[in-house]
There are 6 protein chains.
Amino acid sequence: MRALPDLLLDPVIRSALQEDLGQAGDITCRLVVPEGARTEARLVARAGGVASGLQVARRTFEMLDPTLEITGELRDGEGFATGDVLMSVRGDVAAILTAERVALNFLGRLCGIATMTAEFVAEVEAHKARITCTRKTTPGLRLLEKQAVLHGGGANHRFGLGDAVMIKDNHIAAAGGIAAVLERARLHASHMTKVEIEVDTLAQLDEVLAVCGADVVLLDNMDTADMAEAVEKVNGRLVLEASGNMRLERVAAVAATGVDYISVGALTHSAQTLDIGLDIDL
Amino acid sequence: MRALPDLLLDPVIRSALQEDLGQAGDITCRLVVPEGARTEARLVARAGGVASGLQVARRTFEMLDPTLEITGELRDGEGFATGDVLMSVRGDVAAILTAERVALNFLGRLCGIATMTAEFVAEVEAHKARITCTRKTTPGLRLLEKQAVLHGGGANHRFGLGDAVMIKDNHIAAAGGIAAVLERARLHASHMTKVEIEVDTLAQLDEVLAVCGADVVLLDNMDTADMAEAVEKVNGRLVLEASGNMRLERVAAVAATGVDYISVGALTHSAQTLDIGLDIDL
Amino acid sequence: MRALPDLLLDPVIRSALQEDLGQAGDITCRLVVPEGARTEARLVARAGGVASGLQVARRTFEMLDPTLEITGELRDGEGFATGDVLMSVRGDVAAILTAERVALNFLGRLCGIATMTAEFVAEVEAHKARITCTRKTTPGLRLLEKQAVLHGGGANHRFGLGDAVMIKDNHIAAAGGIAAVLERARLHASHMTKVEIEVDTLAQLDEVLAVCGADVVLLDNMDTADMAEAVEKVNGRLVLEASGNMRLERVAAVAATGVDYISVGALTHSAQTLDIGLDIDL
Amino acid sequence: MRALPDLLLDPVIRSALQEDLGQAGDITCRLVVPEGARTEARLVARAGGVASGLQVARRTFEMLDPTLEITGELRDGEGFATGDVLMSVRGDVAAILTAERVALNFLGRLCGIATMTAEFVAEVEAHKARITCTRKTTPGLRLLEKQAVLHGGGANHRFGLGDAVMIKDNHIAAAGGIAAVLERARLHASHMTKVEIEVDTLAQLDEVLAVCGADVVLLDNMDTADMAEAVEKVNGRLVLEASGNMRLERVAAVAATGVDYISVGALTHSAQTLDIGLDIDL
Amino acid sequence: MRALPDLLLDPVIRSALQEDLGQAGDITCRLVVPEGARTEARLVARAGGVASGLQVARRTFEMLDPTLEITGELRDGEGFATGDVLMSVRGDVAAILTAERVALNFLGRLCGIATMTAEFVAEVEAHKARITCTRKTTPGLRLLEKQAVLHGGGANHRFGLGDAVMIKDNHIAAAGGIAAVLERARLHASHMTKVEIEVDTLAQLDEVLAVCGADVVLLDNMDTADMAEAVEKVNGRLVLEASGNMRLERVAAVAATGVDYISVGALTHSAQTLDIGLDIDL
Amino acid sequence: MRALPDLLLDPVIRSALQEDLGQAGDITCRLVVPEGARTEARLVARAGGVASGLQVARRTFEMLDPTLEITGELRDGEGFATGDVLMSVRGDVAAILTAERVALNFLGRLCGIATMTAEFVAEVEAHKARITCTRKTTPGLRLLEKQAVLHGGGANHRFGLGDAVMIKDNHIAAAGGIAAVLERARLHASHMTKVEIEVDTLAQLDEVLAVCGADVVLLDNMDTADMAEAVEKVNGRLVLEASGNMRLERVAAVAATGVDYISVGALTHSAQTLDIGLDIDL
């Protein structure tokens with residue numbers, strides 16, 4: 001998938017830099033780094049993984065100081081090993097040190113998500129099921145985190161509340177049952193909008209199948225036996241997504257049931273930061 | 001510590017709501033939830049921990065719909081057990097469901113940080129050492145995450161690059177050594193700004209002690225024996241902060257060396273989201 | 001469909017007020033309207049139509065002066081006749097006069113769109129086809145204009161470039177043909193995202209039908225005979241949208257072909273402002 | 001008149017791009033357009049008219065992708081015929097297709113206004129009267145629409161409520177009559193601010209002439225006989241502006257009365273979008 | 001003149017509060033002021049003067065804490081003596097202390113400007129000349145400072161570059177002389193826009209009088225004899241504004257020449273802050 | 001001290017330009033300056049002083065028109081004499097004239113502060129005392145004004161409420177006395193945050209010395225005899241800052257008492273604008 005235009009990334013990067021610079025800027029660099037000092041720094045992986053956030057890190061350095069020269073062959077979505085150089089930055093020492101933490105905070109988090117996603121993807125590679133994310137993302141970073149899921153080989157779920165209909169248990173209750181809620185959705189939803197409905201039991205799935213109006217069914221917290229039966233019942237008429245406590249140890253078994261998607265909240269809410277350091281020639 | 005004024009929290013909450021609402025709003029609720037439906041919902045802890053983000057969650061609901069009534073006796077910084085109700089929200093069903101995910105994304109992350117902080121704090125309670133955070137925070141959420149560290153009983157490090165001087169190895173190298181860098185800082189730093197310097201060895205600590213100009217010394221990646229010797233050398237003349245791979249299993253031993261602070265990047269970059277659900281009467 | 005939360009409307013309304021107030025505020029009212037003068041004003045339809053923008057107009061007055069009392073029983077989406085009062089505003093004379101033009105600029109445009117949409121909808125009511133909008137909206141007002149289409153009884157197309165895939169002739173050419181482009185889309189598109197593809201000929205439609213991967217087909221600038229044949233070919237397997245120069249005089253004939261949607265750019269780029277005045281007791 | 005600095009245009013263009021890109025960017029181009037594909041596109045007029053929005057369209061493409069090369073000799077304010085190329089854009093295919101709709105939405109609307117203005121201007125060219133706009137503009141686009149009126153050969157009225165005093169019927173009523181309101185204005189208005197007052201009858205005009213304090217008189221909804229008499233009465237002492245339902249068929253007759261300005265709300269609230277297409281080599 | 005709507009003031013007040021609160025809020029109050037402590041504070045004049053900024057100060061307190069109760073009978077534009085209470089604030093101690101400095105920074109500066117303006121106005125009260133301000137205002141505070149000039153009894157000049165034409169020496173030179181520049185202005189300027197031209201000599205004034213097109217003439221750095229002669233030459237046909245080093249000691253003599261306006265840059269660039277303190281019951 | 005990154009300056013400069021340009025841009029230049037006219041302008045000091053704001057002025061011109069060429073050897077913090085050229089700008093005449101006033105408004109104010117600071121610094125150069133600023137800055141310009149104090153040779157106090165603890169009389173009263181307030185601060189303040197406490201009497205100073213917890217003591221409105229005694233009492237254990245009505249005539253005597261810092265609110269709230277003009281070749 002092609003990269004995003006910088007226009008979409010720049011506001012979040014600018015905010016992050018302003019947050020870290022505070023109101024007075026980097027007073028340490030301003031006080032102690034001699035003017036004119038130049039160097040080359042390398043962002044180095046302290047562990048292997050899958051790259052995400054390289055474009056963001058590049059813009060972070062550029063936005064702080066447009067004269068910094070950024071080089072590097074690795075691209076978001078590609079793998080790297082411990083010790084690999086993810087990116088090199090050459091220019092004013094103070095500018096590099098000032099931007100370092102913001103760049104690394106983005107990069108560590110996003111590589112962490114991409115890498116965790118890749119681990120889940122590897123578990124299910126023998127099956128058709130794809131790993132997808134949820135809306136359990138970090139407030140303010142959803143776009144970047146959803147890109148990281150793509151970089152790790154996963155698929156994106158809806159971006160937010162406005163781009164797809166997702167009917168959960170409370171919506172069903174509020175609308176008066178599955179038939180009623182799907183009828184409301186069928187009447188009002190745009191033809192350009194997918195409709196997903198959550199079911200907790202096979203009986204509910206039968207209700208969904210009895211009426212039309214959903215494109216995707218979320219099997220919420222079902223055991224694998226029920227999922228397999230759901231797959232059989234549906235027989236390709238709808239897309240099936242399995243959800244609920246999808247740990248790495250379990251996803252292969254879930255995928256083996258034949259579901260189409262497995263959504264994993266942990267990808268964005270519990271990925272470990274990947275350790276990346278900045279090595280500098282001084 | 002008193003709560004923050006809403007003025008400081010509102011921009012990040014507003015952005016998070018806009019991010020999740022997208023451009024068209026919550027099309028599911030708009031399509032399927034009947035008008036006039038009202039309910040009461042409870043934010044319920046699925047695990048025990050320390051509260052942080054309650055003020056944020058309250059503002060999230062209020063900002064989406066000022067007519068929602070929020071109640072609850074728990075306050076940020078207080079502990080809770082599995083099954084405890086953190087907050088109740090009464091009013092329009094659609095408003096509650098629309099704001100739910102943003103409120104929970106904030107709350108889960110912040111309670112996670114507060115709870116992890118409390119675990120570290122508990123480990124060192126027999127010692128004078130305090131647990132503190134770093135700048136390895138989520139871009140855009142530093143204020144909230146630093147509050148969560150306070151709620152968990154930890155202490156805050158500097159907010160960012162602008163409010164304290166922190167001289168690291170690369171700054172020392174760029175300035176030409178410890179004596180030179182501290183001389184520069186002494187000449188230029190505000191009398192209202194603390195100066196911290198990082199040392200990797202006891203020899204470097206001796207250099208720092210030989211000149212003046214630092215308020216705090218960061219012992220970076222030292223073993224506990226060296227830390228203990230550093231404590232002895234310094235003998236209360238400077239504040240000592242231990243840093244570098246501070247795992248829960250290790251902090252008691254580090255605290256036992258007599259250092260004043262132990263900084264733990266993992267508090268903000270690797271805390272697990274605490275599971276909180278929204279239970280609703282429908 | 002339920003109303004939008006004010007949170008989504010307020011930024012565009014605030015900008016519009018600031019645009020009209022300029023930097024010095026309403027210098028006419030400030031200079032010539034005596035303090036303390038109060039009145040009641042009525043927004044009155046100079047022509048009949050369908051309401052849209054009432055919520056926006058209410059927020060416009062409230063944002064300028066929260067003490068203004070707004071009353072009125074008409075709701076967005078309801079019809080009105082010449083001379084009907086759309087809304088009443090009671091309070092400070094200057095506040096009402098200052099907000100008047102912005103409120104009317106919104107209301108006239110949005111009622112114009114809703115009313116034009118309703119005319120198209122009325123033309124096709126004997127058929128299953130629904131009238132839908134396009135991305136040919138006024139920069140900055142897309143959300144409000146798309147709501148106005150809903151208020152007029154129409155359906156919404158995708159909101160923008162980010163919430164659905166729409167493959168047009170240039171995309172097909174760039175990707176190397178219909179089969180190639182749909183294969184790319186099938187591989188990469190989210191399961192929560194609809195895919196539409198534009199065809200100009202029945203031969204192209206055959207190509208689309210021969211491969212899978214599209215949910216909706218846009219019949220671009222076809223004559224009605226070809227549309228009817230397309231409907232027959234597709235036989236309900238895909239959603240069909242007719243597009244291209246859809247004038248009011250023609251939509252009934254187009255709808256009679258059996259297509260599912262008719263998209264009309266004119267709804268948002270060429271609707272006439274509906275004349276609404278502010279009558280005031282002075 | 002010289003062009004505006006980009007600084008004034010960029011915020012509205014950036015907002016428009018963000019509105020269309022949504023939160024996930026152009027998912028169609030990202031999914032289906034191969035990387036590295038380059039092309040040249042031409043913005044081509046499907047009808048003749050007067051150019052406005054060329055600077056805006058240029059910035060739209062540049063802001064999305066600074067490497068796009070924009071060429072073209074036509075300038076805002078110049079006329080063009082059907083089939084003329086308004087602007088050429090060379091570079092990345094995806095960038096061009098992504099920015100296309102925003103650029104065309106601006107350009108179509110602004111050329112429409114400039115072209116409609118030119119038609120009104122042509123009607124009155126035998127007279128001294130100039131065509132001018134009103135505040136009935138699209139919320140958020142006033143600057144661009146007022147420029148379009150200039151590009152079409154018209155004159156600008158005040159920008160908004162803050163840069164000139166315009167006393168209408170309700171202001172007169174609130175202040176207690178024409179003499180009272182002009183006295184208030186005379187006392188308080190800046191010497192750098194023009195004062196206009198609306199009159200509905202010749203009797204009111206006499207009242208205005210009897211006191212001083214106005215620079216411009218708006219003749220609101222008068223018939224041409226009364227306008228001619230007003231011109232005679234005023235005899236050049238004040239600027240006269242005719243207003244109220246100024247249709248194209250009528251403006252020559254109005255201009256023949258000798259008024260100085262004719263204000264036409266329709267220029268900005270009812271101009272038809274001018275059809276401009278993007279032709280691309282693929 | 002009526003007050004401005006809060007909508008115009010709030011953005012600058014919010015920015016000022018955010019600037020002072022920084023990223024972590026008022027850490028002193030948060031640390032040391034006990035929760036629940038309430039008090040009443042009074043803003044007390046340490047010197048006499050003319051009020052300006054009371055509305056701004058009120059909003060500053062309200063924006064920080066909407067539960068604060070603000071009372072006070074003094075209004076912007078009214079005079080006060082040393083020791084007078086300008087405003088009282090009752091509520092949470094910490095909220096009052098946190099907002100104090102921002103409120104006083106605004107109030108001291110704006111009362112200073114209003115008071116200085118009143119001194120100039122008093123000097124010329126025997127003459128028709130009015131005191132007016134310039135564009136030499138503090139970046140970001142122009143609206144508030146121009147209001148303060150009004151509160152002090154002065155008149156406002158144009159707000160900025162966009163609301164009136166002001167032709168200075170360099171414009172004359174660039175356009176090729178006075179006749180040429182006025183011809184250009186006459187052709188292109190809106191009928192709702194005043195045109196002022198600067199002259200340095202009586203000869204230049206003659207040139208201006210020989211052509212039409214200006215409403216106001218700025219007599220720049222002329223001595224009073226020349227000003228008097230200019231008044232005689234113009235004989236009421238144009239408004240005359242005297243400018244250039246207008247010190248308090250000199251303005252009466254300038255006013256005596258018969259000019260209409262005297263513009264004083266010092267009102268906004270060199271007014272002394274008026275000393276206002278916050279007295280509190282603790 | 002190194003310069004700030006443009007990233008921190010640009011928002012305030014952009015706002016200032018937008019404030020002056022208004023909504024319609026510089027209508028004078030747009031109307032009367034012929035296209036294509038180019039020139040060179042020089043910012044020339046009409047009085048001697050210390051430079052501050054050169055970086056800001058450069059960005060002002062660049063932001064309005066990136067093609068302007070800015071040259072000049074003077075740097076912020078360096079002195080200049082009457083008639084010196086501070087900066088030269090070459091390019092489009094209209095762009096230079098449009099940006100002139102904003103650039104000069106910044107530059108005059110900031111040079112004024114730097115120059116006044118330098119005068120205070122010169123007064124105390126025989127002593128160790130350093131001159132420092134306060135929070136009595138212009139709302140919105142704190143960063144620039146604090147930089148100007150540095151450029152003048154002064155030191156910066158805390159930036160705002162969030163980066164250091166400063167306990168004043170009202171805080172002491174609210175917390176229940178000096179011992180109580182310092183105990184609260186000691187318990188809760190970050191180890192990276194300095195704590196200052198204000199005392200009005202030597203008795204209060206004794207209380208402070210009796211407990212620990214403060215880094216800096218503010219001697220508020222003491223006479224020089226008391227200050228000297230305070231210096232003796234403290235004997236280097238704490239930093240001493242003298243404050244309260246610090247006029248130029250008095251600071252040498254204050255410095256002679258041996259205090260470490262003298263804070264002068266007048267530097268930012270009462271500095272006179274330094275007169276700088278723009279000379280242009282036309």
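Every value quoted in this text rests on a predicted model; they were computed, and no experiment measured them.
- Neither the backbone nor the side chain of Ala266(D) comes within less than 4.5 Å of any heavy atom in chain C.
- Counting heavy atoms from C-beta outward, His269(D) and Gln272(C) have side chains that stay 4.5 Å or more apart.
- The part of Ala164(C) that comes within reach of chain D is its backbone (N, CA, C, O), which places non-hydrogen atoms under 4.5 angstrom from that chain.
- Looking at Ser15(D), there are no atoms closer than 4.5 Å to chain C (heavy atoms on both sides), in backbone or side chain.
- A donor-acceptor pair under 3.5 Å is absent between the side-chain atoms of Glu19(D) and the main chain of Pro139(C), judged by distance alone.
- When each of Gly160(D), Gly25(D), Ala37(D), Ala271(D) is scored by its heavy-atom pairs under 4.5 Å with chain C, the top score falls to Gly25(D).
- If you run salt bridge (charged side-chain N to carboxylate O under 4.0 Å, His left out) between Asp20(C) and each of Arg158(D), Lys136(D), Arg135(D), only Arg135(D) comes through.
- Between chain C and the options Gly108(D), Gly162(D), Ala24(D), the largest number of non-hydrogen pairs under 4.5 Å is found for Gly162(D).
- Only the side chain of Val93(D) comes within contact range of chain C, judged by heavy atoms closer than 4.5 Å.
- In this structure, chain C has a heavy atom under 4.5 Å from the side chain of Leu97(D), while its backbone stays farther away.
- Listed for the Asn105(D) side chain is a donor-acceptor partner under 3.5 Å among the backbone atoms of Thr137(C).
- With a 4.5 angstrom heavy-atom cutoff, Thr268(C) touches chain D only via backbone atoms.
- Interface remark: Asp163(D) contributes backbone atoms only to the contact with chain C (heavy atom separation under 4.5 Å).
- Not a single donor-acceptor pair under 3.5 Å links the side chain of Thr28(D) to the backbone N or O of Ile167(C).
- Neither the backbone nor the side chain of Thr60(D) comes within contact range of chain C, judged by heavy atoms closer than 4.5 Å.
- In this structure, the portion of Arg109(D) lying under 4.5 Å from any heavy atom of chain C is its side chain and not its backbone.
- Listed by first and then second residue, the side chain to side chain donor-acceptor pair (under 3.5 Å) pairs that reach into residues 273-282 of chain D are Arg42(D)-Asp281(D), Arg46(D)-Asp279(D), sequence neighbours excluded.
- Contacts between Thr98(D) and chain C at a heavy-atom distance below 4.5 Å involve backbone atoms as well as side-chain atoms.
- Ranked by heavy-atom pairs under 4.5 Å with chain C, the first of Arg184(D), Gln18(D), Met166(D) is Arg184(D).
- The candidate from Leu141(C), Leu17(C), Leu104(C) with the greatest count of non-hydrogen atom pairs under 4.5 Å with chain D is Leu141(C).
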